Amino acid sequence: MPGLRQPLPRDVGALGVRPRQRHLHRRGAVTSDEVASRLAEIQYTLGEGPGVEAIRLRAPVFATDLDAPPDSRRWPLFSVQAARAGAAAAFSLPLTGAGTALGTLDLYRDVPGSLPVDRVRTALLVADAVTLAVVALDHASPDPEGVMTRLSGAETDREEAHQATGMIMVQLGVSAEEALLRLRARAFAQGSTAVEVARAVLNRSLDLRDD
C-alpha cells in the first residue's frame, strides 16, 4: 500500500490490508514491502500477533516495543521473529463492518515507539475508508457470496498450505487441525514460514513421517 507511506513518519512502513481468516496467512493481503510480507507470514505460522488480537477484540492493538514487556510477553514467539524480520513495533487496526471484523490495517516501525496522535488519526481514517470501500464493493458485486464473504473466508485461497495440510493428514492419519499444527510446529522449529514448509511437503522434499 505505497499510498499509505506519504502521511506516515519515515520509520513507519505499511503492512497493508489483511483479510480476516480462521488461520492467518498472507494470501489476500496487500503488503508494501518484504518486512510487511514476512510479518504476515509469521502471524500465519504462529497464530499470534497484533493482527490476531485486533480481530479478536475488534479494537486497535498497538505494540510499541516488541523487544520488551509487555509486548514481548504478550506474543513471545511473534516478538522474536518480528524483530528478526526488521520490525521493532507493530500496530493493527480492525476493519469493522456489518457487525464483524473484515480484516486489519497493519503498520510497523523499524524502531521502538508509539505512533504520533496525528498519525493514529490518519490510520483510523484510512481504516474507515478501506472498510467503506469493501462494503461498497460487496453491495455492488454480482457474486452471490459477496466480497465480504470471500474476504472473511479467504483462507481457502491459500492452496499450498491447504493442499499440504491434506497430504499431512493422509501421511500421519491425523485431523486437519493436527496436521496444520504439525506444519506450523515444523516451520517454527526450522525458522521457516508455514508456506515454505507447505511447499517442501508438496514437492516431496520434506516428509513429516520422518520426524
Side-chain angles (χ1 to χ4, degrees), residues 1-2 13-56 63 66-67 71-72 74-90 92 103-108 110 145 149-211:
M1 301 274 299
L15 265 84
V17 179
R18 190 157 41 83
R20 173 180 180 263
Q21 51 270 347
R22 287 188 295 274
H23 303 301
L24 289 176
H25 57 79
R26 189 178 65 182
R27 174 166 265 167
V30 179
T31 59
S32 62
D33 57 28
E34 186 59 33
V35 175
S37 182
R38 181 69 180 175
L39 291 179
E41 289 284 12
I42 291 169
Q43 292 197 79
Y44 168 63
T45 300
L46 301 177
E48 71 172 37
V52 180
E53 198 78 357
I55 289 291
R56 184 180 69 83
L66 293 169
D67 195 39
D71 298 326
S72 61
R74 195 175 188 180
W75 309 295
L77 303 181
F78 171 79
S79 295
V80 170
Q81 295 204 20
R84 290 175 182 168
S92 185
T104 57
L105 173 69
D106 298 326
L107 309 169
Y108 74 88
D110 55 17
E145 289 189 344
T149 300
R150 285 185 284 112
L151 279 176
S152 63
E155 72 277 1
T156 57
D157 292 335
R158 182 164 284 284
E159 292 298 332
E160 290 166 324
H162 180 73
Q163 292 173 13
T165 298
M167 286 183 63
I168 296 169
M169 288 173 61
V170 173
Q171 291 171 350
L172 302 182
V174 297
S175 67
E177 291 77 11
E178 176 68 16
L180 182 60
L181 285 174
R182 296 284 187 95
L183 186 151
R184 285 176 164 172
R186 181 58 182 261
F188 177 72
Q190 65 185 42
S192 304
T193 67
V195 174
E196 290 167 343
V197 171
R199 289 171 182 163
V201 170
L202 291 174
N203 65 29
R204 300 185 186 281
S205 63
L206 173 65
D207 191 330
L208 295 188
R209 289 174 295 190
D210 296 333
D211 287 356

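Model, not experiment: these values are computed from the prediction.
Closest approach of Met167 to Leu202, counting heavy atoms only: SD-CD2, 3.5 Å. The shortest non-hydrogen separation linking Gly86 to Val35 is C-CG1, 4.3 Å. Considering every non-hydrogen atom in both Met169 and Ser175, the closest pair reads CG-O, 3.7 Å. When every heavy atom of Thr104 is checked against every heavy atom of Ala54, the shortest pair comes out as CG2-CB, 4.1 Å. A pairwise comparison of heavy atoms in Ser192 and Thr45 identifies O-CG2, 4.3 Å as the closest pair.
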| request: Might you work through the side-chain contact (heavy atoms from CB on, under 4.5 Å) test for Glu41 and Gln81, ending with a clear yes or no? | output: CA-CA 10 Å; Glu41 289 284 12; Gln81 295 204 20; over 6 Å; no
| task | Would you check, one step at a time, whether the test side-chain contact (heavy atoms from CB on, under 4.5 Å) holds for Val197 with Gln190? | result | CA-CA 9 Å; Val197 171; Gln190 65 185 42; 3.7 Å; yes
| field | Step-by-step side-chain contact (heavy atoms from CB on, under 4.5 Å) determination, Thr193 to Arg38 | value | CA-CA 8 Å; Thr193 67; Arg38 181 69 180 175; 2.8 Å; yes
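Side chains of Arg199 and Ser205 form no contact here, defined as non-hydrogen atoms less than 4.5 Å apart. Residues Pro50 and Gln43 have side chains in contact (heavy-atom distance under 4.5 Å, counting atoms from C-beta outward). Counting only heavy atoms from C-beta outward, the side chains of Leu172 and Arg209 approach each other to under 4.5 Å.
Taken to the nearest 0.5 Å, the CZ atom of Phe188 stands 11.0 Å off from the CD1 atom of Ile42. Within the model, atoms CG of Leu181 and CD1 of Ile168 stand 10.5 Å from one another, a figure rounded to the nearest 0.5 Å. Going from atom CG of Leu66 over to atom CZ of Arg74 covers 11.0 Å, rounded to the nearest 0.5 Å. The OG1 atom of Thr165 sits 5.0 Å away from the CG atom of Leu180 when rounded to the nearest 0.5 Å. Between Leu183 atom CG and Leu208 atom CG the span is 7.0 Å, to the nearest 0.5 Å.
In this structure, Glu48 contributes its side chain and Leu77 its backbone to a donor-acceptor pair below 3.5 Å. Between the Ser92 side chain and the Asp106 main chain, no donor and acceptor come within less than 3.5 Å of each other.
Residue Asp67 places its CG atom among 12 or fewer non-hydrogen atoms of other residues, nucleotides or ligands, all under 6.0 Å distant.
In this view, Glu53 and Arg56 satisfy the side-chain hydrogen bond (donor to acceptor under 3.5 Å, both in side chains) rule, not counting sequence neighbours. Every residue meeting the side-chain hydrogen bond (donor to acceptor under 3.5 Å, both in side chains) condition with Arg182, not counting sequence neighbours, appears here in chain and number order: Glu178.
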